[in-house]
Amino acid sequence: MDAAVDRALAEHPQAQFRRPEWTDLRGSWGFAFDDEDRGIQEGWPGRAEVFDREILVPFPPESQASGIQEQGYHPVVWYRRVFEIPPAGRAPRLHLTFGAVDYEAQVWVNGQFAGRHEGGHTPFTLDITAWLSPGPEQVIVVRAHDDPLDLTQPRGKQYWELEPAEIWYHRTTGIWQPVWLEPLGEAFVESVRWTADPDRFAVGMRLRVGGRAAKASHIRLRLSLRGRPLVEDIYALDGAMLDREIVLPRRMHRVSAVCWAPHHPHLIDASIELLAADGTALDLVESYFGLRRIEAVDGRLLLNGVPLFLRLVLSQNYWPQSHLAPPSDEAIRREVELVKELGFNGVRIHQKVEDPRFLYWCDRLGVLVWGEAANAFQFDERAAERLCREWAEAVRRDYNHPCIITWVPLNESWGVPDLEHDPAQRAYVKALYHLTKTLDPTRPVIGNDGWQNAVGDIFGVHDYAMDPTKLVERYGSAEALRRTFEAIRPAHNRLLVDGQTFEQQPVVVSEFGGLSIKPAEGELWHGYATTNDAQELLVLYEALVGALLDSTGIAGFCYTQLTDTEQETNGLLTAARKPKLDISAIRAINSRPAKSVPSEILDAIFQHEVERRRASRTKE
């Protein structure tokens, strides 16, 4: 196995909802392919001898990091792990959580069926207490079913052919996010949901108690900022649900001191203790939130009431050695740091519901995120049901992350190929939009990013024109935008369908660029344009980005893309995360004030003065 892969990932898999006592089940598991799908019939959950291979979880078997690296069709795979209940695990309940298993998972504990889950990008938790054996040794067996040829399955950019081609990549099968155990009492905190109100310097808390909720009497909540106590309250429980609004102390009522934004990503830490009537602690959960509000108003995006120009970069978040699974916690953090170092203020995760550890670092370091679904490629009733269910789980999982400012359930009409002519497909797009707004009314939603906008709070446009003057003609002003939306098809598709009109929706050029350096002879390549060398690429990059920064009409852009990915060699970084261009030069281009947000000029002057004073103090 690759020695560079970190086998001891230290961070909790869900920083938004973590307990001090947990057992990491990443590492070596037994493994077996089941190409003939005989495992259930032949009793594999109770047979150790069939697991004749070893895999490093959570890396998919197609990847080098897993130790397997077999990229052919293997629709059914099995895993087996022996573990001992840790001392803390002698609590009344033991919960087993899988971060993500692609696509359908069935789980057995000590040979007994414990549960199943469908959806390749979202977590699930099982209470496995009933199936634990009296002795210390316990056995978990997982069967993962992931049909590579089922195009109604939400798959993102995982290719159904054997070899990657065009914009499609190698598949990710089975377990690809962390697995862990948590000991729980008879009553426990099941979930917490934070809804920020920065105007009032307040936050809403909705908390659910699981298990035997009647055993719980009170909730003790502590809030702090950078270790400084803010709030300590105790709330009486009356049932399994608690709704409260908490107002921060008046001394904290300054936006720059407490609210979340890319240039001051303040996070308020929360400690939630579940108490019995006698004061005994039944559960302890650590969480956090950010005070921030995102709005789409009069053609602009506002963050905490301040105009915001999006400088996003498209990211597949795919690694050569580990595919959709990040190779280490360090690699996750470095990915976020690179986005900031390049001068972007955000990232559009493309066709993937990202690992919560990545979102944690975006929260912590101040990087905006467009949250996107992994789409199916064909449309029918089953495809619609599958995506709606998985997307609802994703929105609920990530609701608390302040970094996420927009939801994107569909991209470029993937899974709805006849959107213009099929009323069922148009109804489906609108249903996804309204489902998302129902689950989260606090964020803008893009119904179908790129073109064929049938519904949405923001209109996304994909335009890979290589001539900067074309971008100026199409997006340089509000008048140009209206003409483009009513008469021009930048990617051959209509920008508006089903009676939608262009009014005051913010417009983001959410894919553009895609520049590559001319590939070597025989090198696999797919992209939009090539340049002869790095210097030529830099010149064209500056011209394209400059055309959009000079627009007085748009609300932001998203450049394609952050890293080379498989044969898509149009990244600003190589697949190994090495810069192709001088990072400071890219940052300088991206950091230019945008003409559609005049206040950015004043912000730039202010920031320059802050940095000058900081440098002066450092010299002294």
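Along the sequence shown, the residues carry numbers beginning at 1.
- Taking each heavy atom of L410 and L387 in turn, the nearest pair found is CD2-CD2, 3.9 Å.
- Between E245 and R200, the closest side-chain pair of non-hydrogen atoms falls below 4.5 Å.
- Rounded to the nearest 0.5 angstrom, Q138 CD and L132 CG are separated by 5.0 Å.
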Exercise for the section: Any chance you could lay out the side-chain contact (heavy atoms from CB on, under 4.5 Å) test for V209 and D283, step after step, and finish with the verdict? Expected result: CA-CA 10 Å; V209 177; D283 195 11; over 6 Å; no

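- Contact check for C403 versus W260: side-chain heavy atoms found under the 4.5 Å cut-off.
- Side chains of E393 and H117: a donor on one and an acceptor on the other come within 3.5 Å.
- With rounding to the nearest 0.5 Å, the separation of CG in L248 from CZ in R254 is 13.0 Å.
- No side-chain donor-acceptor contact under 3.5 Å links Q321 to the backbone of P327.
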Practice task
Evaluate the criterion side-chain contact (heavy atoms from CB on, under 4.5 Å) for residue pair L207 and Y235; output intermediate values, then yes/no.
Solution key: CA-CA 11 Å; L207 184 143; Y235 307 112; over 6 Å; no

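- Counting heavy atoms from C-beta outward, L432 and C388 have side chains that approach closer than 4.5 Å.
- A donor-acceptor distance shorter than 3.5 angstrom exists from the side chain of R300 to the backbone of S596, with no hydrogens or angles considered.
- R333 and E337 are joined by a salt bridge, as a carboxylate oxygen and a charged side-chain nitrogen come within less than 4.0 angstrom of each other.
- Remark: R443 qualifies as a cation-pi partner of Y399 under the 6.0 Å distance and 45° angle criteria applied to the six-membered ring.
- Using a 4.5 Å heavy-atom threshold, the side chains of R396 and S191 count as separate.
- Proximity of M205 to W194: side-chain heavy atoms (C-beta onward) are separated by under 4.5 Å at one or more points.
- Formation of a donor-acceptor pair under 3.5 Å by the D440 side chain with backbone atoms of D398 is not found in this model.
- Within a 6.0 Å sphere centred on NZ of K340, heavy atoms belonging to other residues, nucleotides or ligands number more than 12.
- Using modelled atom types, no side-chain atom of S287 and backbone atom of F17 make a donor-acceptor pair closer than 3.5 Å.
- Looking only at side-chain heavy atoms (C-beta outward), L274 and I219 come within less than 4.5 Å of each other.
- Side chain of D24 to main chain of R26: a donor-acceptor pair is present (N/O by atom type, distance under 3.5 Å, no hydrogens or angles).
- Remark: R397 does not engage E354 in a salt bridge, criterion side-chain N to carboxylate O under 4.0 Å.
- The backbone N or O of P402 lies less than 3.5 Å from a partner atom in the side chain of R292, making a donor-acceptor pair.
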Practice task
Start with the C-alpha distance between Y433 and D457, add both sets of side-chain angles, then the distance that settles side-chain contact (heavy atoms from CB on, under 4.5 Å), and finish with yes or no.
Solution key: CA-CA 9 Å; Y433 169 85; D457 304 313; 2.7 Å; yes

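- Under a cut-off of 6.0 angstrom, the local environment of CG in D238 is sparse, with at most 12 non-hydrogen atoms contributed by other residues, nucleotides or ligands.
- R244 CZ: more than 12 foreign heavy atoms inside a 6.0 Å radius.
- Between R577 and E335 there is a salt bridge, with a side-chain nitrogen of the basic residue lying less than 4.0 Å from a carboxylate oxygen of the acidic one.
- Note: W180 and W22 have perpendicular aromatic rings, judged against thresholds of 30 and 60 degrees for the angle between ring planes.
- Remark: side-chain polar atoms of N345 are not paired, donor with acceptor, to backbone N or O of L310 under 3.5 angstrom.
- D102 places no side-chain N or O within donor-acceptor distance of the main-chain N or O of G174, the cut-off being under 3.5 Å.
- To the nearest 0.5 Å, atoms CZ (F59) and CD1 (I175) are separated by 12.5 Å.
- Note: I349 CD1 to W370 CH2 = 12.5 Å, rounded to the nearest 0.5 Å.
- A distance of 3.5 Å separates OH of Y288 from CG of D363, quoted to the nearest 0.5 Å.
- Considering only heavy atoms from C-beta on, L284 comes within 4.5 Å of S271 through its side chain.
- In this structure, E273 pairs ionically with R220, as a charged nitrogen and a carboxylate oxygen lie closer than 4.0 Å.
- Using a 4.5 Å cut-off on side-chain heavy atoms (C-beta onward), L25 and I140 make contact.
- Remark: aromatic rings of H323 and W176 are distant, center separation not under 6.0 Å.
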Practice task
Show the numbers, then the answer: is there a side-chain contact (heavy atoms from CB on, under 4.5 Å) between L342 and R587?
Solution key: CA-CA 5 Å; L342 288 162; R587 183 169 60 250; 5.9 Å; no

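- Within the model, atoms OG of S315 and CD of E372 stand 11.0 Å from one another, a figure rounded to the nearest 0.5 Å.
- A side chain to side chain contact (heavy atoms under 4.5 Å, CB included) with D449 is found for exactly one of N411, I458, T406, namely N411.
- Here the side chain of R208 pairs no donor or acceptor atom with the backbone of R193 at under 3.5 angstrom.
- Closest approach of H218 and A236 over heavy atoms only: CD2-CA, 3.6 Å.
- Comment: E21 does not engage R19 in a salt bridge, judged by the lack of any side-chain N to carboxylate O separation of less than 4.0 angstrom.
- For the residue pair Q351 and Q316, no side-chain donor N or O sits within less than 3.5 Å of a side-chain acceptor on the partner.
- Side-chain contact annotation: H266 with R226, donor-acceptor N/O pair under 3.5 Å present.
- Looking only at distances, a side-chain donor or acceptor of T565 sits under 3.5 Å from a matching main-chain atom of T563.
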